[in-house]
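For reference, the structure discussed in these notes is given below.
Quantities reported herein were computed from a predicted structural model and do not represent experimental measurements.
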Amino acid sequence: MIFAQENGRQMPKEDKIFAISGRAKAMIAKKGKDAVINATIGSLLDDNGDLVVLSSVLEALKTLEPVDYAEYAPIGGTPAFKEAVKSAAFGKNFKTSRYTEVCATPGGTGAIRNTISNYSKPGDKVLTSDWFWAPYKTITQEIGRDLTTYQLFDAKGDFNLDGFTEKVNALVKAQGSLVILLNTPAHNPTGYSLSDADWDGVVTCLNSASATGKITLFVDAAYIDFAGDEEKYRSFLPKLENLEENVLPIVGYSASKTLTLYGMRCGAMICMAKSKEIASEFKQVTEYSSRGTWSNSVRAGQAVLAKIYNSPELMEKVGIERAENRNMLIRRGKAFEKALRKEGLKNVPFDAGFFTCIASDNPDAVSAELEKEGIFVVPLGKGIRISVASISEEKCIKAAKAIAKVMK
Ligand SMILES: Cc1ncc(COP(=O)(O)O)c(C=O)c1O
């Protein structure tokens, strides 16, 4: 640092993903689109490389009145948004018996930040899996916490409940409280989704550990509508009702992917508290933190979401359009996995979603070698990440073959 304060943060000089993506764009400008596979982007692109924007969402956006975007939104979100976002996150079938409160946030990122700042203490360790979305670390460091991990998969490639339990118990004992970030379904970066049996194990573990201290379970559901059948992938929600009072589930919702509204910065945190007091406290503390960071969230995204979820006609259109795009995404992921296996290589356990990973001891070298072939991926600590969201099925197959060749 020259003038700024480091404050315990480890800051890279440049953002790795944006730097790689920049090199991919430069190569496209030089050699043309067909010569390059840019599998670094975290947004859903069509087969031509253009951003997918749901036209039904645009339709709702175009009906907004000036007050819908010019006026401040209440700090916790507009009443219509707060109601609608519960339907968006919980789906058609799940009705909770818990006390819920909603706080609007700038994207799912804001919900993560607000959860960590309110439910952990300075110096605490926040728990997530060893494959994780890098901003988890940024956020914890930004607010004087740290991130610690458990190994996501066991030797058989299943959810490592034993490793999870061991870490949870040790941290709750040491800290007296714990925040856990659980990104499912369609986890970024692996594409893994916890099964119902995995969830049963998580609930049992947390209930038992909660005898020692308070646990906040943040379910990062940013990709919930892109894993598969929207209701089926919400089957974990009723299980949250079985959590003891000393475990607070908070569902993190993001309209970035689910409604293709990335730039609108629309998200929410929804608590499912067992007591009214814990729910009221959630409202108080999360609104206070919002005021002290971004103040209030963007009103336009809230208005769009409320319009959609209050119109059966629009909802049906969104559902149909999203399913078409989701199916395209799922086809790409499966095609990549199949092509990789054909070459004798395996990705880490994958279910669905925007990304898949391949484990490697030398991700930077693999990524650099692939760049020479015009294939751009993201090197992570434990392997490389391929965004199937940003490349066509044909390019998925091509990339799998090239990756296998380089890795072998
Ligand atoms: C794992 C995960 N959580 C949350 C988010 C939230 O994103 P946003 O703040 O854009 O809604 C993302 C976006 O990439 C993500 O990958």
Side-chain angles (χ1 to χ4, degrees), residues 1-21 40 42 103 105-152 163-164 166-183 187-190 209 212-220 222 248 250 252 254 265 267 269 281-282 284-295 297 357 363-364 367 378-383 385:
M1 295 289 113
I2 305 161
F3 210 85
Q5 304 292 350
E6 200 158 0
N7 294 336
R9 300 168 295 172
Q10 298 138 3
M11 276 179 275
K13 277 237 157 63
E14 59 172 4
D15 184 294
K16 210 178 199 174
I17 302 186
F18 283 103
I20 300 171
S21 197
T40 65
C103 183
T105 55
T109 308
I112 299 163
R113 195 254 174 228
N114 242 357
T115 297
I116 296 173
S117 72
N118 281 295
Y119 293 94
S120 68
K121 308 181 291 300
D124 268 3
K125 288 192 166 79
V126 170
L127 183 65
T128 198
S129 56
D130 54 354
W131 293 94
F132 63 86
W133 187 46
Y136 284 178
K137 179 121 188 142
T138 313
I139 297 166
T140 50
Q141 289 198 352
E142 226 357 75
I143 49 180
R145 276 72 162 169
D146 205 0
L147 196 65
T148 189
T149 59
Y150 61 94
Q151 198 179 304
L152 178 55
F164 175 78
E166 201 178 305
K167 275 277 187 172
V168 168
N169 289 341
L171 287 161
V172 177
K173 199 170 164 205
Q175 299 180 164
S177 66
L178 177 65
V179 171
I180 302 168
L181 307 176
L182 195 61
N183 176 209
H187 171 250
N188 176 6
T190 65
T212 317
K214 294 177 282 194
I215 300 175
T216 303
L217 175 67
F218 181 83
V219 185
D220 184 347
L248 177 65
I250 298 175
S254 162
R265 310 310 302 136
M269 53 201 300
E281 181 192 68
F282 168 94
Q284 179 198 0
V285 299
T286 56
E287 290 187 3
Y288 187 87
S289 285
S290 299
R291 188 65 171 139
T293 45
W294 46 77
S295 192
S297 295
C357 287
D364 287 313
S367 161
V378 176
L380 304 171
K382 301 196 70 182
R385 184 189 85 172

What's the spacing between [X] [atom1] and [Y] [atom2] if we round to 0.5 Å?
X	Y	atom1	atom2	value
Met269	Thr105	CE	OG1	7.0 Å
Leu248	Phe282	CG	CZ	7.5 Å
Tyr288	Asn118	OH	CG	10.5 Å
Thr115	Leu217	OG1	CG	10.0 Å
Leu182	His187	CG	NE2	8.5 Å
Asn114	Ser290	CG	OG	4.5 Å

Notebook entry, point to check: Do you see a donor-acceptor pair shorter than 3.5 Å between the side chains of Thr109 and Arg113?
Noted result: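 No, because no side-chain N or O of Thr109 sits under 3.5 Å from a partner of the opposite role on Arg113.
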[X] versus [Y]: any side-chain heavy-atom pair under 4.5 Å?
X	Y	answer
Pro379	Ile20	yes
Val179	Arg145	no
Gln175	Ser120	no

Check: With respect to Ile116, which candidate in Leu181, Thr216, Leu147, Asp124 satisfies the side chain to side chain contact (heavy atoms under 4.5 Å, CB included) definition?
Finding: Leu181
Notebook entry, point to check: Taking Lys16 as the fixed residue, which of Asp364, Leu380, Thr40 is the one that meets the side chain to side chain contact (heavy atoms under 4.5 Å, CB included) rule?
Noted result: Asp364
Check: Around Lys121, counting heavy atoms of other residues, nucleotides and ligands shown, do more than 12 lie under 6.0 Å from its NZ?
Finding: yes
Next item on the list: For Glu6, look at atom CD and say whether over 12 heavy atoms of other residues, nucleotides or ligands are found less than 6.0 Å away.
Entry: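 For Glu6, atom CD is crowded (more than 12 foreign heavy atoms under 6.0 Å).
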On a heavy-atom basis, which atom in [X] and which in [Y] lie closest, and how many Å separate them?
X	Y	value
Gly252	Ala111	CA-CB, 4.5 Å
Trp294	Gly110	CH2-O, 3.4 Å
Ile180	Leu178	CG1-CD2, 3.7 Å
Ser297	Pro106	OG-N, 3.4 Å

Going by side-chain hydrogen bond (donor to acceptor under 3.5 Å, both in side chains), name the residues that satisfy it together with [X], two or more places apart in sequence or in a different chain.
X	value
Ser129	none
Asn183	none
Arg265	none

Check: Which pairs count as salt bridge (Lys or Arg N to Asp or Glu O under 4.0 Å) when at least one residue sits in residues 128-141, sequence neighbours excluded?
Finding: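 Pairs touching residues 128-141 that pass the test: Asp130-Lys382, Lys137-Asp146.
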Next item on the list: Give the ring-plane orientation class for Phe132 versus Tyr136, where under 30° counts as parallel, over 60° as perpendicular and anything between as tilted.
Entry: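 Phe132 vs Tyr136 ring planes: parallel.
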Next item on the list: Could you pull out all residues at least two apart from Phe164 that satisfy ring-ring contact (aromatic ring centres under 6.0 Å, His included)?
Entry: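 In terms of ring-ring contact (aromatic ring centres under 6.0 Å, His included), with neighbours along the sequence ignored, Phe164 is linked to Tyr150, Phe159.
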Margin query: Going by side chain to side chain contact (heavy atoms under 4.5 Å, CB included), name the residues that satisfy it together with Arg9, two or more places apart in sequence or in a different chain.
Written below: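 In terms of side chain to side chain contact (heavy atoms under 4.5 Å, CB included), with neighbours along the sequence ignored, Arg9 is linked to Asn7, Met11, Gln141, Glu142.
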